[in-house]
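Since the structure comes first, as structure tokens, the remarks are kept for the end.
Numbers restart at 1 for each chain; the letters A, B, ... are given by sequence-line order, proteins then strands.
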2 protein chains.
Amino acid sequence: MKDKKEKMQEILREKDIRVTRQRESILEVIFEAEKPVTATYIFSRLQESCPNLKLSTVYRNMNLFVKKGLLRKLSLDIDNNESYFELIRDEHHHHLICIQCNKVLPLDCPLGEFEEKIREETAYRIIDHSVKIFGICPHCQEFSNT
Amino acid sequence: MKDKKEKMQEILREKDIRVTRQRESILEVIFEAEKPVTATYIFSRLQESCPNLKLSTVYRNMNLFVKKGLLRKLSLDIDNNESYFELIRDEHHHHLICIQCNKVLPLDCPLGEFEEKIREETAYRIIDHSVKIFGICPHCQEFSNT
DNA sequence: AGAATACTTGCAAATGATTTGCATCTTTAG
DNA sequence: CTAAAGATGCAAATCATTTGCAAGTATTCT
């Protein structure tokens, strides 16, 4: 029976990333969150258990994890423009963002043949795309009168 | 026969924005650019003609113009994450972004009934959305071997 | 296991985009 | 033409993110 720590180590090794205490913890937070997270979110979750951890270490590892294909970096255009990171494990999807509480839900990709059409029309080599929908979630609708 | 300056003044007045020398100039740059621009882009274009202009003034006015419905703020997820601003004058559209030279082309909206579908499924009140396609433009494809 | 090497981290300071406080100037309304 | 409201220049602050460097830790080699 494997504990979380071991599972995190396994994942790191699979991606050719050296195993360190801080990487295990960071990854654990990301897995537990089940939603895109910011560097400061991770940092604050680890204040108690890793009081020595620095925010710069979190950032360095976010960048590493992105480079190694473990995470995807998102700009959700919320508030202050902080970057969000999410695990690359699910199929391709997009995001529905509550502009009041910042909750994020996954959305199926609505683009279909659109990319192909654009490629034909513009001769661009298409690399990627993003679709974001901004709204107000049912919970926030209840508690506001805007 | 109206010159540019008068036209800019007219636009500002229409939107209930006080007319100042720096606002006229800023707006002129935005109109001439015919593409989304950054604050620093505007600033550098005006170095010679308005040597006294401060970047903070540009930013303050970008925010004002957005609030007054003259501009729309975009994050194109290019490079350093600088914000872009574009005129609100055309119909609803999206962006095709060259990740090498940062050129931006407008795209028709491919979403159709999608928003409505999401609204029904999630009970979110939908406010807005954005679609970005990232690629490499024909010109950049020629001059790179990636 | 122990040493050598390579990579990570803590820490502090730098960076880059954007904002803000404040005194001074300019625009607009009366 | 003057007062009141608002805008600007200027410098400093802020916020997210990055970086240099010395000390610490993981991996490799023996």
Side-chain angles (χ1 to χ4, degrees), chain A residues 5-6 8-27 29 36-44 46-47 49-68 70-71 73-85 102, chain B residues 5-6 8-27 29 36-44 46-47 49-68 70-71 73-85 102:
Chain A
K5 198 161 262 189
E6 283 178 73
M8 297 302 121
Q9 297 184 353
E10 203 177 293
I11 291 169
L12 290 169
R13 291 220 177 78
E14 258 170 41
K15 292 284 181 180
D16 241 317
I17 300 172
R18 277 194 180 198
V19 174
T20 68
R21 225 167 324 112
Q22 20 286 76
R23 285 179 183 164
E24 284 163 27
S25 313
I26 291 172
L27 207 48
V29 173
V37 295
T38 63
T40 46
Y41 172 89
I42 296 172
F43 179 65
S44 63
L46 293 173
Q47 285 291 43
S49 51
C50 317
N52 254 338
L53 179 69
K54 289 283 147 181
L55 187 53
S56 57
T57 300
V58 178
Y59 273 111
R60 267 195 275 238
N61 284 313
M62 299 320 262
N63 289 337
L64 179 69
F65 293 173
V66 169
K67 193 161 57 180
K68 294 290 191 174
L70 200 50
L71 298 183
K73 185 180 187 175
L74 315 170
S75 20
L76 294 183
D77 301 348
I78 314 185
D79 299 339
N80 46 358
N81 238 33
E82 236 178 318
S83 294
Y84 282 70
F85 299 87
N102 294 353
Chain B
K5 197 161 266 190
E6 283 178 74
M8 297 303 120
Q9 296 185 353
E10 205 177 293
I11 291 168
L12 290 169
R13 290 221 177 76
E14 258 170 42
K15 292 286 182 180
D16 243 315
I17 300 172
R18 279 194 176 196
V19 174
T20 69
R21 227 166 324 111
Q22 20 288 76
R23 285 178 182 165
E24 284 164 27
S25 313
I26 290 171
L27 207 48
V29 173
V37 295
T38 63
T40 47
Y41 172 90
I42 296 172
F43 180 65
S44 63
L46 293 173
Q47 286 291 42
S49 51
C50 316
N52 254 340
L53 179 70
K54 290 283 145 181
L55 187 53
S56 57
T57 301
V58 178
Y59 273 111
R60 267 195 275 239
N61 283 313
M62 299 320 263
N63 289 336
L64 180 69
F65 293 173
V66 168
K67 191 161 59 181
K68 294 290 191 174
L70 200 49
L71 298 182
K73 186 181 189 174
L74 313 171
S75 20
L76 294 183
D77 300 349
I78 314 186
D79 300 339
N80 44 357
N81 236 34
E82 236 178 318
S83 293
Y84 283 70
F85 299 87
N102 293 354

For residues [X] and [Y], report the shortest heavy-atom separation together with the two atoms involved.
| X | Y | result |
| --- | --- | --- |
| A/Asp77 | B/Ser75 | OD1-OG, 2.5 Å |
| A/Tyr84 | A/Pro36 | CD2-O, 3.6 Å |
| A/Lys73 | A/Phe85 | CG-CE2, 3.7 Å |
| B/Glu24 | B/Leu12 | N-CD1, 4.2 Å |

As a test of reading the structure: which of [options] is closest to the side chain of [X], going by heavy atoms?
| X | options | result |
| --- | --- | --- |
| B/Arg18 | D/dA5, C/dT8, D/dT17 | D/dA5 |
| A/Arg21 | D/dT25, C/dT18, D/dC10 | D/dT25 |
| A/Leu53 | D/dT8, C/dG10, D/dT18 | C/dG10 |

Considering just the side-chain nitrogens and oxygens of [X], establish if one lies under 4.0 Å of OP1 or OP2 belonging to [N].
| X | N | result |
| --- | --- | --- |
| B/Lys54 | D/dC10 | yes |
| A/Gln22 | C/dG10 | yes |
| B/Asn52 | D/dC10 | yes |
| A/Asn63 | D/dT18 | yes |

Tell me the interatomic distance from [X], atom [atom1], to [N], atom [atom2], rounded to whole angstroms.
| X | N | atom1 | atom2 | result |
| --- | --- | --- | --- | --- |
| A/Ile42 | C/dT9 | CD1 | P | 13 Å |
| B/Leu12 | D/dA7 | CG | C1' | 13 Å |
| A/Lys68 | C/dT8 | NZ | P | 8 Å |
| B/Glu24 | D/dT8 | CD | P | 11 Å |
| A/Phe65 | D/dT17 | CZ | P | 16 Å |
| A/Tyr84 | D/dA16 | OH | C1' | 13 Å |
| B/Phe43 | D/dC10 | CZ | C1' | 12 Å |
| B/Leu46 | D/dT8 | CG | P | 13 Å |

For a side chain to side chain contact (heavy atoms under 4.5 Å, CB included) check, start with the C-alpha distance between A/Leu64 and A/Asn61, then their side-chain angles and the critical distance, and finish with the verdict.
CA-CA 5 Å; A/Leu64 179 69; A/Asn61 284 313; 4.1 Å; yes
[X] [atom1] to [Y] [atom2] distance, which is reported to the nearest 0.5 Å:
| X | Y | atom1 | atom2 | answer |
| --- | --- | --- | --- | --- |
| B/Arg60 | B/Arg23 | CZ | CZ | 10.0 Å |
| B/Leu46 | B/Asn52 | CG | CG | 12.5 Å |
| A/Lys68 | A/Glu14 | NZ | CD | 13.5 Å |
| A/Thr20 | A/Gln9 | OG1 | CD | 10.0 Å |

DNA chain C: B/Thr20 or A/Ile17, which has the more 5' nearest nucleotide?
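The residue whose closest nucleotide sits nearer the 5' end is A/Ile17.
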Please name the residue in the list B/Leu55, B/Leu53, B/Val58, B/Leu27 that meets the side-chain contact (heavy atoms from CB on, under 4.5 Å) test with B/Ile42.
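That would be B/Val58; it is the only one of B/Leu55, B/Leu53, B/Val58, B/Leu27 passing the side-chain contact (heavy atoms from CB on, under 4.5 Å) with B/Ile42.
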Quick check on contacts: within residues 55-62 of chain B, what sits under 4.0 Å from DNA chain D by heavy-atom distance?
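Heavy-atom contacts with DNA chain D come from B/Ser56, B/Thr57, B/Arg60, B/Asn61.
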Using rotation axes that map the C1' atoms of four end pairs onto the next four (five pairs an end), what angle separates the end axes of the helix from C/dA1-D/dT30 to C/dG30-D/dC1, to 10°?
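Inter-axis angle at the termini of the helix from C/dA1-D/dT30 to C/dG30-D/dC1: 30°.
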5'-most contact on DNA chain D: B/Arg23 or A/Glu82, nearest heavy atom basis?
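Going by which nucleotide is closer to the 5' end, it is B/Arg23.
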